[in-house]
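What you are looking at is a predicted structure, and each value in this text was computed from that prediction instead of being measured. Note: hydrogens, waters and symmetry copies are ignored here, and every other heavy atom, side chains too, is used.
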Amino acid sequence: MDEAVAALKAEMEHVQVDGRILTPVFGPFDQIVFEMYFEDFAAERKFWDHWFSLPTTPQFFEQAAARYIPGGSNETWQVYDPVAGFRIGKIVNRQTVLVKVGHMQKTIQLLLALRESGNTSFEIETAIYGPNDTLALDFNFESIAAHDQAWADFFSAPEAGPFYEKWFELVEVGVTNEIWEVR
């Protein structure tokens, strides 16, 4: 894992892409999430055109092939109303939920209202290319202890009960709840 992370970090610096690398704390075993951030599709396309034109890119893929197994996914997600300076924590708690058909906008509005209450900071993401009727919430924390305390505070807050009454009207039962380390 450390060798793969080091190689990805070096390549990110080489091609000067804004992004982060996540490795599991509580999540899929031996999986790396490599996130890259772009202002729009034109910027993304420009990045890929530039990277694939570099003479060092084939060597990167050749070396990577020895470290990786086939599979994975390549998805594009949109962040709704990004939070300024958000990606600063060392721990990411990513929760992925299936939204009831036709309720995506209501769910996003509920989450934006929760975030605007000032008690919880998180990013809301929906797939442009990826799973349908799914949204992801990314919460950033400095440590597992900070994560645990933030959730304890949220669950004991008076707005938690009314929030969850509305929440369960909009989403399907079950959530994927993972914790990733930013490397």
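- Ring orientation note: the planes of Trp167 and Phe163 are close to parallel, at an angle under 30° on the 30°/60° scale.
- Between Leu135 and the choices Thr107, Thr96, Leu98, the side chain to side chain contact (heavy atoms under 4.5 Å, CB included) rule is met once, by Thr107.
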Hey, mind stepping through Trp151 and Asn93 against side chain to side chain contact (heavy atoms under 4.5 Å, CB included) and telling me if it holds?
CA-CA 11 Å; Trp151 282 111; Asn93 178 202; 3.1 Å; yes
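- Environment of CZ in Phe26: sparse, with no more than 12 heavy atoms of neighbouring residues, nucleotides or ligands closer than 6.0 Å.
- Atom OH of Tyr129 is surrounded by 12 or fewer heavy atoms from other residues, nucleotides or ligands within 6.0 Å.
- By the neighbour-count criterion of 12 heavy atoms within 6.0 Å, atom NZ of Lys106 is sparsely surrounded, having that number or fewer from other residues, nucleotides or ligands.
- Ring-plane geometry between Phe52 and Phe61 is classed as parallel, the angle between the planes falling under 30 degrees on a 0 to 90 degree scale with a further cut at 60.
- Under 4.0 Å is where a charged nitrogen must lie from a carboxylate oxygen, and between Arg20 and Glu35 at least one such pair does.
- Ile32 and Val182 sit in two unconnected hydrophobic clusters of ILVMFWY residues. Membership requires side-chain heavy atoms under 4.5 Å apart, directly or through other members.
- In this pair, Phe141 and His147 present their aromatic rings perpendicular. The plane angle is above 60°, beyond the 30 to 60° band.
- Put simply, Trp180 and Ile144 are part of two different groups of oily side chains (I, L, V, M, F, W, Y) that touch within less than 4.5 Å, one to the next.
- With rounding to the nearest 0.5 angstrom, the CD1 atom of Ile124 is 8.5 Å from the CD atom of Gln109.
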